[in-house]
Amino acid sequence: MTCSLQEIFPQMAHVTLYQQRTFLKTDSPLTQTVSRISSSSSTPSASASSPSTAQSTSSEDGASPLPFSAIPGPRGVAQWPVLGAVMLFKPFTKFTPATAHQMLDNLFEQYGSIVRCQLKGTMVLVRDIKDVETVFRNEGVYPVRPSLQLPIQFAKRNRVKDGFNEVQGEKWHKLRAPLAKRLARVNSATYYMRDQNAVADDFRDILESGEHMTPEEMSDIFFRFTAESIGVVCFNTRLGFLDADLSNRPGAVEYLKASKALFRLLHDEIRGHSILHGLYRNKTYRNFEKTQLTLRQYSGQELQKAGNLLKQRQQSGTFDPEEPNLLFSLLSDPNLDFEDIRNLMNTLYVAGTDSTAKSLQVFFYNLATNLEKQENLYKEIIEVIGPDQALTPEALARMPYLKAAMKESFRMMFPNMGISRFMPKDVVLSGYLVPAGTQILICSISVSKAYFDNPHQYIPERWLRSEDGKRLDSTIHPMAALPFGYGPRNCIGRRFAEQEMYIATVKILQKLKIGVKPESEGMRFTYSVFVEPEKPIAFTFSKR
Ligand code: HEM
């Protein structure tokens, strides 16, 4: 069996052997990025983001930190590169890649809140809130997060530009900037609420009449819903993925198939089923390339159509450059070419489908298995907008229970196994000196008794605030649950993800009660790219 870092940290920590080797070379791009960040720590943003920077290399009590080599963790052969990672799994332990999250728990149980181990290269796992703060406060202005290799290989071999999810340093910053500045506007997501409500109407209609669907078919509908919803943002149109008949939508079926295949192939890389795609075009790579080419071709056509529409509106004087329409704004930016825009939109589309589809299923599962909480939420929805009105930004502002219920779902079943960073400078974590260039995995602490009372119970109320704005449970640390990451490299699609999930939940609860069939009670969850049920969930949606 091949064990890799990707298996351990599916969503974000994907480093190939190639990257591992080159990372430590002084002339590698990642190392250059890291040293550039280190030397730029006097830039305003670095110092602004680093209240703890001054003490980042001394212990809290001022004592000299303990050396890196003293960090607890498996010893002996288990510290050897590659072999060390293999030894964390079957047959040496009871864990498999599917239970890697339990393997991490086990390491923390054995060694405490900081662990040094071999996963893909030497990694430091942390699970103490002070360490979480130290990592994020010292991540620098261009935080470095390892990336998957299949997309990087595709870009290289096809001579197309990289997506910003995959690159590092200034290049990453430059690619993300056109989106970041537009998405920082308050109404950047709410602008799409009306169209996304219409998408959710279709989603609800399908689920309402879906009593004969298999759990697999239902899971597919969740994927189609999020693909259709984010499609409204990326392409300014309905792609038709929720249509009963896709035959009048040329290319849509292939596009949908390619979108889903993409995640299966990335999963192959994550699980270590494909390790040689960097060296030659192996089967996984060839399939990946095929899906990418399909996605590019279809998105290219949709962007072309949007570009034509924009031209017409410009010519007829009906285009308002202040309109918060993301695609029109990008298309009318003289500094961006067609390929830049296609890249940005493909990145958003890909990052925004499976992630949200899986999180929505987890949320519905928590509501279905906590009916009292579902009823509280139902009451709030009916009080604020009744059974027929669509969700608006104003109505959402009056739905604290909805927000709390979703936040609690993210806390209970964290969307990914952790968030990874390569440190640009030396830091002290739990009293140990961790040198620049080390990869840190911040593991989820949101089900830890140290940070939450009754951490395994679904209690949305813990997130509610009193009228003066104070959280009822004042003991919750602001960094104890960060499902969308943190800092300049956080999830750029957060508002879209939350909005889609709010809209879908409201639409469905207005008319239907969410339940699960007995076979899905007590479902266990695992991690592939994101958290997901071990088996597709058999939901029921019954009329209220
Ligand atoms: C519930 C759904 C989602 C979850 C839980 C989620 C979570 C995350 C996390 C944890 C990160 C890494 C953050 C970090 O390293 O600090 C991330 C990055 C990212 N997310 Fe999301 N995400 C979701 C939905 C979306 C959506 C809807 C989009 C697009 C519209 C999106 C686009 C991205 C992109 C492009 C990145 C890479 C950012 C960068 O490297 O600069 N995500 N997401």
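As the structure lists them, so they are numbered: ligands from 1, and atoms in each ligand from 1. As the structure is a prediction and not an experimental result, all values here were calculated from the model.
- In this comparison of M345, R145, M406, the heavy atom closest to atom 15 (O) of ligand 1 sits on R145.
- A salt bridge links E339 to R296: one of the charged nitrogens lies within less than 4.0 Å of a carboxylate oxygen.
- Proximity annotation for atom 5 (C) of ligand 1: of P488, P415, G352, P415 comes nearest, heavy atoms only.
- Aromatic ring centroids of Y349 and Y255 lie under 6.0 Å apart.
- Annotation: S359 places no N or O atom under 3.5 Å from an N or O atom of ligand 1; distance criterion only.
- Atom numbering of ligand 1 starts at 1 in the shown order; those under 4.0 Å from a heavy atom of G493 are 26 (C), 27 (C), 28 (C), 29 (C), 30 (C), 31 (C), 32 (C).
- Nearest-residue assignment for atom 16 (O) of ligand 1 (options M501, H173, R421; heavy-atom criterion): R421.
- Less than 4.0 angstrom separates some heavy atom of I419 from each of these atoms of ligand 1: 14 (C), 15 (O), 16 (O).
- Those atoms of ligand 1 with a heavy atom of F164 less than 4.0 angstrom away are 35 (C), 38 (C), 39 (C), 41 (O).
- Nearest to atom 34 (C) of ligand 1 by heavy-atom distance, out of A497, A180, A351, is A351.
- Here the two rings, on Y298 and F235, have centers that are 6.0 Å apart or farther.
- Remark: aromatic rings of Y365 and F525 are close, center separation under 6.0 Å.
- Applying the 4.0 Å criterion to heavy atoms of T347 picks out, from ligand 1, the atoms 35 (C).
- Under a 4.0 Å heavy-atom criterion, W172 is in contact with ligand 1.
- Using cut-offs of 30° and 60° on the angle between ring planes, the pair F203 and F222 is perpendicular.
- Under a 4.0 Å heavy-atom criterion, K358 is not in contact with ligand 1.
- Set against the non-hydrogen atoms of G485, the atoms of ligand 1 under 4.0 Å away are 10 (C), 13 (C), 14 (C), 16 (O).
- Under 4.0 Å is where a charged nitrogen must lie from a carboxylate oxygen, and between K260 and D220 at least one such pair does.
- The pair R264-D354 does not count as a salt bridge, with every side-chain nitrogen at least 4.0 angstrom from each carboxylate oxygen.
- For atom 36 (C) of ligand 1, the nearest non-hydrogen atom from the set V362, L175, N165, T356 comes from N165.
- Ion pair E302/K305 flagged as a salt bridge, since at least one NZ, NE, NH1 or NH2 atom sits closer than 4.0 Å to an Asp/Glu carboxylate oxygen.
- Between K161 and D337 a salt bridge is recorded (basic side-chain N to carboxylate O distance below 4.0 Å).
- Taking each heavy atom of L293 and N158 in turn, the nearest pair found is CD2-OD1, 4.3 Å.
- In E498, neither the side chain nor the backbone holds a heavy atom less than 4.0 Å from any atom of ligand 1.
- Within the listing of ligand 1, atoms 5 (C), 7 (C), 10 (C) sit less than 4.0 angstrom from a heavy atom of P483.
- Salt-bridge annotation for R238 and D202: present, with a side-chain N of the basic residue lying under 4.0 Å from a carboxylate O of the acidic one.
- Close contacts of ligand 1 with F410, meaning ligand atoms under 4.0 Å from a residue heavy atom, involve 1 (C).
- R462 has a carboxylate O that lies under 4.0 Å from a charged side-chain N of E408, or vice versa, which qualifies the two as a salt bridge.
- Of the heavy atoms in R176, only side-chain atoms (C-beta onward) come closer than 4.0 Å to ligand 1.
- With atom 10 (C) of ligand 1 as the reference point, the heavy atom nearest to it among L183, N416, L348 is part of N416.
- Which parts of ligand 1 touch I230 is read off a 4.0 Å heavy-atom cut-off, strictly below it: atoms 30 (C).
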